[in-house]
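Here it is, the structure, as structure tokens.
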Amino acid sequence: MIKVFCDDGSTAIKLCWYDKQHHEPKTLISQNTFTEGWKPVGFASDPIYNYEVDGLKYSFSKASAEVIPTTNIDFQYRTENLLSVHHALQLSGITPQEIELWVTLPISEYYTNHDAQENTFNIQRKISNLQRSISLNKRQVFTFGKIRVYPESVPAVVSALQIDNVHPLEQSLVVDLGGTTLDCGVIEGQFDSIAKISSDAGTGVSLVIRHVQDALLKADTLSNYYVADTIIREMMAGNDVNIFPLINNVEYIATVKTAFEISRNRLIEKVIQHVEQNYRGFHRIYLTGGGAEYLYTAFNAHWSTFKTKIKKLETPQLALVKALAEIGKHQ
Ligand SMILES: Nc1ncnc2c1ncn2[C@@H]1O[C@H](COP(=O)(O)OP(=O)(O)OP(=O)(O)O)[C@@H](O)[C@H]1O
Ligand SMILES: [Mg+2]
């Protein structure tokens, strides 16, 4: 049974697997944008993915403004999660078959609140949800012979701690900013132990996305999460010309930009506050998750004495799933 590693976040599924011929890990990012009902099969160039779960019909739709919202903590146990994982697997190019699937849960869900032990109830709830039956029109689906659940954030830094030759007494803070949740943890040495964990299920990039979506409405533009995210990324990269086709009333571009800047700064402040309220005495900071792109510059300015000891992991959105694949290779 082949293993497929899957960081099934609320906004995007990140997959990693090993190709039989090459031992290089392959990766893929798939967006969680589904609408209710099926799409007509026609002349369009994109393949159609029409799913059915419990007698209800769903379809993958990257640009529709009517996609089912996924930026909530409950996503982990809902039909949208089942759909998103199966959809990412379909895009991987792996032949549908029985696989061993590794998935993730935010720290706040993976551990119990009171004594930081594995929350077996939530872990089982997630596994049961993924074992639900699903069908895909005119295609085979994957089945899961075994499902393993891992916590988010902390595993992402396993290899970075080794590369940085971290001292056994050093404490490294990991900050994983996702679409819905902020997951943090402190690791001692090169993963000798996890000293502390914390999570804030209300702090994520979706706070910024929602503000930008509201501002886009002023520009007569109804957008889904993925479209708003694409507009933001183009603005961050300074490629304004690329967003003109997506905004109906371009006179309001300045309004959209201001909304973005205000909510981005507010998000950064919330993350810094969370770290300051929960952690002391750390020596290094590792940023991961798609939100790392938002935080890197601000963290460097705020903890300026850390200098090179603040790192954004390479391909931060994929760092966790790549780390899981590295762990899973030897098991
Ligand atoms: N390169 C990038 N530049 C700017 N923003 C990015 C980039 N990559 C990802 N993002 C944004 O970061 C968000 C979080 O990405 P990530 O994949 O870590 O979230 P998630 O795992 O789906 O969420 P969660 O862990 O909270 O369930 C994305 O939804 C996207 O808006
Ligand atoms: Mg995530």
Side-chain angles (χ1 to χ4, degrees), residues 5-16 27-34 62 67 69-78 80-81 83-85 87-88 102-110 122 126 149-157 174-185 199-213 223-239 242-243 260-261 263-264 267-268 270-271 274 286-298 312-324:
F5 306 92
C6 173
D7 173 11
D8 50 333
S10 58
T11 62
I13 304 294
K14 282 73 67 179
L15 278 194
C16 190
T27 58
L28 173 133
I29 299 175
S30 162
Q31 306 298 326
N32 305 346
T33 46
F34 296 90
K62 65 180 177 217
V67 296
T70 56
T71 48
N72 47 61
I73 201 78
D74 244 27
F75 165 80
Q76 295 295 335
Y77 317 105
R78 293 171 67 103
E80 292 82 77
N81 177 274
L83 285 166
S84 304
V85 170
H87 187 65
W102 290 38
V103 288
T104 59
L105 265 181
I107 276 184
S108 58
E109 299 296 294
Y110 187 89
N122 282 353
K126 169 144 189 154
V149 184
Y150 276 77
E152 288 178 19
S153 83
V154 279
V157 290
V174 187
V175 176
D176 175 350
L177 182 62
T180 306
T181 42
L182 168 67
D183 275 353
C184 301
S199 188
D200 180 355
T203 299
V205 175
S206 60
L207 292 176
V208 179
I209 307 270
R210 268 201 294 277
H211 271 95
V212 169
Q213 283 178 306
S223 61
N224 73 20
Y225 186 99
Y226 178 57
V227 174
D229 183 41
T230 305
I231 291 173
I232 288 175
R233 290 199 212 183
E234 294 290 0
M235 289 190 320
M236 282 165 95
N239 300 332
N242 293 348
I243 63 178
F260 167 62
E261 270 150 31
S263 51
R264 179 194 56 190
L267 174 64
I268 292 169
K270 279 188 90 165
V271 177
H274 179 93
Y286 291 94
L287 299 173
T288 179
E293 310 289 350
Y294 283 64
L295 300 178
Y296 185 64
T297 311
K312 181 170 67 172
L313 295 183
E314 197 187 320
T315 56
Q317 199 178 15
L318 286 163
L320 175 61
V321 80
K322 281 160 100 180
L324 290 180

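Throughout, residue positions are numbered sequentially from 1 according to the sequence presented. Ligands are counted one by one from 1 in listed order, and the atoms in each one are counted from 1 as well.
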| Non-hydrogen atom of Q76 closer than 4.0 Å to ligand 1 | no

| What protein heavy atom sits nearest atom 18 (O) of ligand 1, and how far away is it? | G290 N, 2.8 Å

| query | Taking the side chain from D200 and the backbone from L182, do they hold a donor-acceptor pair closer than 3.5 Å? | reply | no

| So, is D176 polar-close to ligand 1, with some N/O to N/O distance under 3.5 Å? | no

| field | Main-chain N/O of E152 paired to D7 side chain as donor or acceptor, under 3.5 Å | value | no

| said: Please evaluate residues T288 and D176 with respect to the criterion side-chain hydrogen bond (donor to acceptor under 3.5 Å, both in side chains), reporting the C-alpha separation (whole Å), side-chain torsions for both, the decisive distance (0.1 Å), and the verdict. | reply: CA-CA 5 Å; T288 179; D176 175 350; 5.2 Å; no

| query | For A12, is at least one N or O under 3.5 Å away from an N or O on ligand 1? | reply | yes

| field | atom 29 (O) of ligand 1 - nearest protein heavy atom and its distance | value | Y225 OH, 2.7 Å

| field | Shortest non-hydrogen separation from C6 to I13 and the atoms involved | value | SG-CG2, 3.6 Å

| said: Against ligand 1, does G204 come closer than 4.0 Å with any heavy atom? | reply: no

| query | Counting heavy atoms only, which part of T11 comes closer than 4.0 Å to ligand 1: side chain, backbone, both or neither? | reply | both

| field | atom 25 (O) of ligand 1: nearest protein contact (heavy atom, Å) | value | E152 OE1, 3.4 Å

| request: Return the minimal non-hydrogen interatomic distance between K14 and L318, and the atom names on each side. | output: CG-CD2, 3.8 Å

| note | All heavy atoms of G204 vs all of L267, minimum pair found to be O-CD1, 3.6 Å

| Counting only N and O atoms by type, is there a donor-acceptor contact under 3.5 Å from the side chain of T70 to the main-chain atoms of S10? | yes

| request: Taking only heavy atoms of T181 into account, list the atoms of ligand 1 that are under 4.0 Å away from them. | output: 24 (P), 25 (O), 26 (O)

| task | Using modelled atom types only, decide if a donor and an acceptor are shared between the side chain of N32 and the backbone of G9 within a distance under 3.5 Å. | result | yes

| request: May I ask you to list the atoms of ligand 1 that are less than 4.0 angstrom from any heavy atom of G291? | output: 12 (O)

| Near G289, which atoms of ligand 1 are under 4.0 Å from a heavy atom of that residue? | 18 (O)

| message | Whether K126 and D8 form a salt bridge (side-chain N of Lys/Arg under 4.0 Å from carboxylate O of Asp/Glu) is what I want to check. | response | yes

| request: Among all protein heavy atoms, pick out the one at the shortest distance from atom 31 (O) of ligand 1; state its residue, atom name and that distance to 0.1 Å. | output: D229 OD1, 2.7 Å

| message | Regarding ligand 1, does Y294 bring an N or O atom to under 3.5 Å of one of the ligand's N or O atoms? | response | no

| request: Between R233, E293, R264, flag the one that comes closest to atom 8 (N) of ligand 1 by a heavy atom. | output: R233

| request: Please identify which atoms of ligand 1 are closer than 4.0 Å to at least one heavy atom of T180. | output: 23 (O), 24 (P), 26 (O)

| query | Is the number of heavy atoms from other residues, nucleotides or ligands under 6.0 Å of F34 CZ greater than 12? | reply | yes

| task | Could you tell me which atoms of ligand 1, counted from 1 in the order shown, lie closer than 4.0 angstrom to a heavy atom of V205? | result | 12 (O), 13 (C), 31 (O)

| field | atom 21 (O) of ligand 1 - nearest protein heavy atom and its distance | value | K14 NZ, 2.7 Å

| How are the rings of Y150 and W102 set to each other: parallel, tilted or perpendicular (split at 30° and 60°)? | parallel

| query | Under 3.5 Å, side chain of Q213 to main-chain N/O of S223, donor-acceptor pair present? | reply | yes

| message | Quick check on contacts: which atoms of ligand 1 are under 4.0 angstrom from a heavy atom of S10? | response | 20 (P), 22 (O), 23 (O), 24 (P), 26 (O), 27 (O)

| remark: closest protein heavy atom to atom 23 (O) of ligand 1 is G179 N, 2.8 Å

